[in-house]
Amino acid sequence: MRIVLVGPPGAGKGTQAHVLAKTLSIPHISTGDLFRANISQSTQLGLEAKAYMDAGKLVPDEITIGMAKDRMSQPDAAKGFLLDGFPRNLGQAKALDEILADAGIALDGVLDLEVPEDEVVRRIAGRRLCRNDGSHVFHVDYNPPAQPGVCDECGGELYQRTDDTEEKVRVRLEEYHSKTEPIIGYYADQGLLVTIPALGKVSEVTERAIEALRGK
Ligand code: AP5
Ligand code: MG
């Protein structure tokens with residue numbers, strides 16, 4: 001399957017993508033995780049993206065689209081993928097359409113996670129990520145690791161993202177409303193969109209997601 005996950009910052013895209021990717025045996029491709037990996041390895045791409053991410057702004061399309069395209073062309077993505085955080089504006093959505101059309105493939109569905117803004121802020125404030133693998137995501141209250149500061153999955157050190165401050169979250173939400181939300185209508189018009197409430201336990205949201213994607 002080829003799926004896009006969309007939703008505001010902190011909605012649970014990464015958390016759900018991690019579980020769904022295992023269940024569906026397809027890679028989880030997060031542009032946010034790819035940027036953070038590039039930053040921690042001090043690559044040229046990471047250096048270019050860092051200032052935008054630190055400000056809570058979208059990284060320019062010229063950088064983002066090429067990186068996403070490269071990742072989607074890796075052998076493990078040949079039979080499908082779950083895109084988390086890409087596309088994030090109409091330009092990226094149209095670029096993705098072209099990439100897929102050139103490869104003779106198409107999206108199966110776009111899963112939209114709906115979460116009220118006050119919950120998003122609570123989720124982001126308590127989030128902790130693994131330094132070894134950014135797809136290992138915890139929350140100090142809602143999904144605490146067995147040992148504080150240590151990843152349950154690989155023993156890596158847990159840390160807080162530098163863009164997870166109240167001020168940056170406000171900017172990220174503005175970016176989401178002005179630039180990302182328009183893609184929801186774009187995909188609805190193509191009959192690809194399924195929207196689910198993303199409140200409740202992680203496992204309940206996963207069940208809803210699988211049910212919603214079943215017909216796709
Ligand atoms: P990115 O890394 O994609 O961040 P985001 O979209 O802001 O989303 P988050 O990762 O913050 O949230 P999430 O929905 O993944 O939630 P999570 O599962 O972690 O992007 C970061 C930056 O990179 C952007 O600002 C931009 O600069 C750049 N960027 C990335 N992609 C780009 C693109 N395509 N174009 C341009 N720029 C781009 O969950 C959050 C917390 O909630 C966790 O603690 C989790 O444990 C908890 N939680 C999850 N589910 C539940 C639940 N059901 N109940 C209770 N708690 C829950
Ligand atoms: Mg994420």
Side-chain angles (χ1 to χ4, degrees), residues 4-21 28-39 45-46 48-69 71-72 82-93 95-96 111-116 119-130 133-145 151-153 158-165 168-177 179-181 183 196-209:
V4 167
L5 265 178
V6 66
K13 300 181 295 296
T15 302
Q16 290 303 325
H18 187 54
V19 183
L20 288 170
H28 166 199
I29 300 180
S30 156
T31 40
D33 287 351
L34 290 173
F35 282 134
R36 281 183 288 277
N38 273 278
I39 289 171
L45 191 149
E48 288 172 25
K50 189 173 184 324
Y52 296 97
M53 292 181 75
D54 283 347
K57 297 279 191 185
L58 293 191
V59 177
D61 289 354
E62 305 81 73
I63 302 174
T64 308
I65 293 168
M67 179 185 73
K69 187 178 176 185
R71 179 62 189 87
M72 281 185 278
L82 216 165
L83 293 176
D84 159 11
F86 181 87
R88 225 161 163 121
N89 59 29
L90 281 175
Q92 292 181 11
L96 175 62
L111 183 68
D112 169 29
L113 300 182
E114 235 180 19
V115 184
E119 174 67 7
V120 155
V121 172
R122 276 194 292 274
R123 287 185 182 183
I124 288 179
R127 170 167 50 197
R128 298 293 182 272
L129 296 188
C130 176
D133 185 333
S135 74
H136 302 163
V137 182
F138 299 85
H139 189 283
V140 290
D141 300 317
Y142 301 146
N143 179 25
C151 177
D152 285 351
E153 296 199 39
L158 299 183
Y159 76 104
Q160 201 163 9
R161 270 168 49 179
T162 49
D163 61 346
D164 276 357
T165 63
K168 303 289 168 55
V169 171
R170 218 174 307 121
V171 178
R172 285 159 61 197
L173 280 166
E174 277 167 21
E175 290 279 272
Y176 178 74
H177 292 310
K179 296 179 181 160
T180 308
E181 265 178 359
I183 73 171
I196 59 164
L199 284 177
K201 286 188 197 155
V202 169
S203 58
E204 290 168 352
V205 179
T206 307
E207 277 171 33
R208 261 175 242 148

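Counting starts at 1 for both ligands and their atoms, following the listed order.
Ranking the protein heavy atoms by distance from atom 53 (N) of ligand 1 puts G200 O, 2.8 Å first. Among protein heavy atoms, the minimum distance from atom 12 (O) of ligand 1 is reached at G10 N, 2.8 Å. When hydrogens are left out, the protein atom nearest atom 38 (C) of ligand 1 is F35 CE1, 3.8 Å; that is the closest non-hydrogen contact. For atom 22 (C) of ligand 1, the nearest non-hydrogen atom of the protein is M53 CE, 3.7 Å. Summary of contacts: the protein heavy atom closest to atom 15 (O) of ligand 1 is G14 N, 2.9 Å. The protein heavy-atom contact nearest to atom 18 (O) of ligand 1 is T15 OG1, 2.6 Å. Atom 16 (O) of ligand 1 has as its closest protein heavy atom G12 N, 3.2 Å.
Side-chain N or O atoms of R208 include one that pairs as donor or acceptor with a backbone N or O of P197 at under 3.5 Å. Distance alone, capped at 3.5 Å, places no donor-acceptor pair between the E119 side chain and the A11 backbone. Side-chain N or O atoms of K13 include one that pairs as donor or acceptor with a backbone N or O of P8 at under 3.5 Å. In this structure a side-chain-to-backbone donor-acceptor pair under 3.5 Å is missing from N143 to H139. Formation of a donor-acceptor pair under 3.5 Å by the E181 side chain with backbone atoms of Y176 is not found in this model. In this structure, K168 contributes its side chain and D54 its backbone to a donor-acceptor pair below 3.5 Å.
Proximity of Q92 to ligand 1, defined as any heavy-atom pair under 4.0 Å, is confined to the side chain (atoms from C-beta onward). Only side-chain heavy atoms of R36 come within less than 4.0 Å of ligand 1; its backbone N, CA, C and O stay farther off. Here L58 has heavy atoms under 4.0 Å from ligand 1 in both its backbone and its side chain. Using a 4.0 Å cut-off between heavy atoms, R123 contacts ligand 1 through both its backbone and its side chain.
Near G85, meaning under 4.0 Å from one of its heavy atoms, ligand 1 places the atoms 31 (N), 32 (C), 33 (C), 34 (N). Near T64, the atoms of ligand 1 lying under 4.0 angstrom from a non-hydrogen atom of the residue are 33 (C), 34 (N), 35 (N), 36 (C). Residue contact check: V202 has heavy atoms under 4.0 Å from atoms 50 (N), 51 (C), 52 (C), 53 (N) of ligand 1. In summary, the atoms of ligand 1 found under 4.0 Å from a heavy atom of K57, numbered by their order in the structure, are 26 (C), 27 (O). Atoms of ligand 1 lying under 4.0 Å from any heavy atom of A11, numbered from 1 in the order shown and given with element: 14 (O), 16 (O). Those atoms of ligand 1 with a heavy atom of Y142 less than 4.0 angstrom away are 55 (C), 56 (N).
The line from CG of D84 to OG of S135 is 9.5 Å long, rounded to the nearest 0.5 Å. Here CG of D164 is found 8.0 Å from OG1 of T162. Values are rounded to the nearest 0.5 Å.
The distance criterion of under 3.5 Å between nitrogen or oxygen atoms is met by V59 with respect to ligand 1. Considering backbone and side-chain N/O of R127, one or more are found under 3.5 Å from N/O of ligand 1. For ligand 1, one of its N or O atoms has an N or O atom of T31 under 3.5 Å away. For the pair G7 and ligand 1, the shortest N or O to N or O distance does not fall below 3.5 Å.
Proximity annotation for atom 6 (O) of ligand 1: of R88, M67, R172, E175, R88 comes nearest, heavy atoms only. When F86, Y52, F138 are checked for heavy-atom proximity to atom 46 (O) of ligand 1, F138 turns out nearest. Counting only non-hydrogen atoms, the option in K13, R161, K201 that gets closest to atom 10 (O) of ligand 1 is R161.
Side-chain atoms of L34 and I29, non-hydrogen and from C-beta on, do get closer than 4.5 Å to each other. In this structure, L158 and L129 have side chains that are not in contact, with every pair of non-hydrogen atoms separated by 4.5 Å or more. No side-chain heavy atom of M67 sits less than 4.5 Å from a side-chain heavy atom of V59.
The closest approach between any non-hydrogen atom of E204 and ligand 1 is not below 4.0 Å. Within the 4.0 Å heavy-atom shell around ligand 1 one does not find Q16.
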In sequence, state the C-alpha distance, the side-chain angles, and the governing distance for E175 and R172, and then conclude on salt bridge (charged side-chain N to carboxylate O under 4.0 Å, His left out).
-> CA-CA 5 Å; E175 290 279 272; R172 285 159 61 197; over 6 Å; no
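Shown here for G200 and R123, the closest heavy-atom pair between the two residues is O-NH2, 4.3 Å.
Counting non-hydrogen atoms of neighbouring residues, nucleotides and ligands closer than 6.0 angstrom, the NZ atom of K69 reaches no more than 12 such neighbours. Atom OH of Y52 has 12 or fewer heavy atoms from other residues, nucleotides or ligands within 6.0 Å.
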